[in-house]
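Only one structure is covered here, and it is reproduced in the block below.
Whatever order the structure lists them in is the order used to number ligands and atoms, beginning at 1. Bear in mind that the values here come from a model prediction, so they are computed numbers and not experimental data.
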Amino acid sequence: MQGSANLNLMIKAARKAGRSLVKDFREVENLQVSAKGPGDFVSKADREAERIIKEELMGGRPSYGWLGEETGETAGEDPTRRWIVDPLDGTTNFLHGLPHWSVSIALEHKGQIVSAVIFDPAKDELYWAEKGAGAWMNDKRLRVSGRRNMIEAIFATGVPFGGRGTLPATLQDLARLMPVCAGVRRWGSAALDLAYVAAGRYDGYWERGINAWDIAAGMLLVREAGGFVSGIREDDDPLEKGAVICGNEGLFEPFRKIIRGE
Ligand code: LIP
């Protein structure tokens, strides 16, 4: 696998965290039956994964900034570069023993995502991309799907839960989209949803109320695989506004019109 020194550092960190999470995932399956449940155990697994990743990345690039789901934001001596990390994306799946979760690492340079790694240890699928160098899954080059008909397309999203304020808008999205497509999937990991669009498995994805660490790496993967990514509202930055939509070349515009209610 070729790539820059930064990319190889990211891959090393993702794989090391992945080994720790796989070990913990096996224990989580045993904890399902416990009265207290695996909640606290998963929180520790999540924090340990971020500690491993931070040790590797900041050890290799101590001057870079940091934004991690568990440890928050730290400015770096180099104000132009920042790691954006979700050590365990799909936490609820992990908690319930569902083997669909990932480690997501992005490198941002002057506000642009320039390198991305998303690792799914349960399926041994490592997605990676560098700006201008394409998107890959292990050693396979990725391209978004070629579908042009909405009625043949499937889309992914995240449906809010626990009283989140974006539920009404998401239900309206579904009411508009479901009648004109082949289906919607809600598999619980935004990073893998984006990686699957880049791999041509999904034809598009959208989500409201999402964090930068969930989507930063996946956004680059989709773009480098020939797809399109934007905010849901005109000119919104997905990383700032926490709302993202993406799709293949032929479907992105009609899909975005439906989600925008145009
Ligand atoms: C999850 C996202 C998912 C979203 C969930 C949650 P986490 O991230 O990947 O798409 O629907 O609400 O935010 O919390 O597992 O890192």
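For ligand 1, the atoms sitting less than 4.0 Å from at least one non-hydrogen atom of Ser189 are 9 (O), 10 (O), numbered in the order shown with element in parentheses. The atoms of ligand 1 that sit less than 4.0 Å from any heavy atom of Asp86 are 16 (O). Atoms of ligand 1 found under 4.0 Å from any heavy atom of Ala190 (numbered from 1 in listed order, with element): 2 (C), 3 (C), 9 (O), 10 (O). Listed by number with element, the atoms of ligand 1 under 4.0 Å from a non-hydrogen atom of Arg164 are 12 (O).
Within the structure, ligand 1 has Leu88 among the residues with a heavy atom less than 4.0 angstrom away. Contact analysis puts Phe161 in contact with ligand 1, with a non-hydrogen atom separation below 4.0 angstrom.
In this structure, Trp206 and Phe255 have perpendicular ring planes: the angle between them is above 60°, well past the 30° mark. Ring-plane geometry between Trp187 and His100 is classed as perpendicular, the angle between the planes exceeding 60 degrees on a 0 to 90 degree scale with a lower cut at 30. Between Trp101 and Phe25, the ring planes lie tilted relative to each other; the angle falls in the 30° to 60° range.
A donor atom on one side chain and an acceptor atom on the other are found under 3.5 Å apart for Asn6 and Arg61.
When the heavy-atom distances from atom 8 (O) of ligand 1 to Asp89, Ile215, Ile210, Thr91 are ranked, the shortest goes to Asp89. When Ala156, Gly158, Gly188, Gly218 are checked for heavy-atom proximity to atom 3 (C) of ligand 1, Gly188 turns out nearest.
Between the Asn211 side chain and the Trp213 main chain, no donor and acceptor come within less than 3.5 Å of each other.
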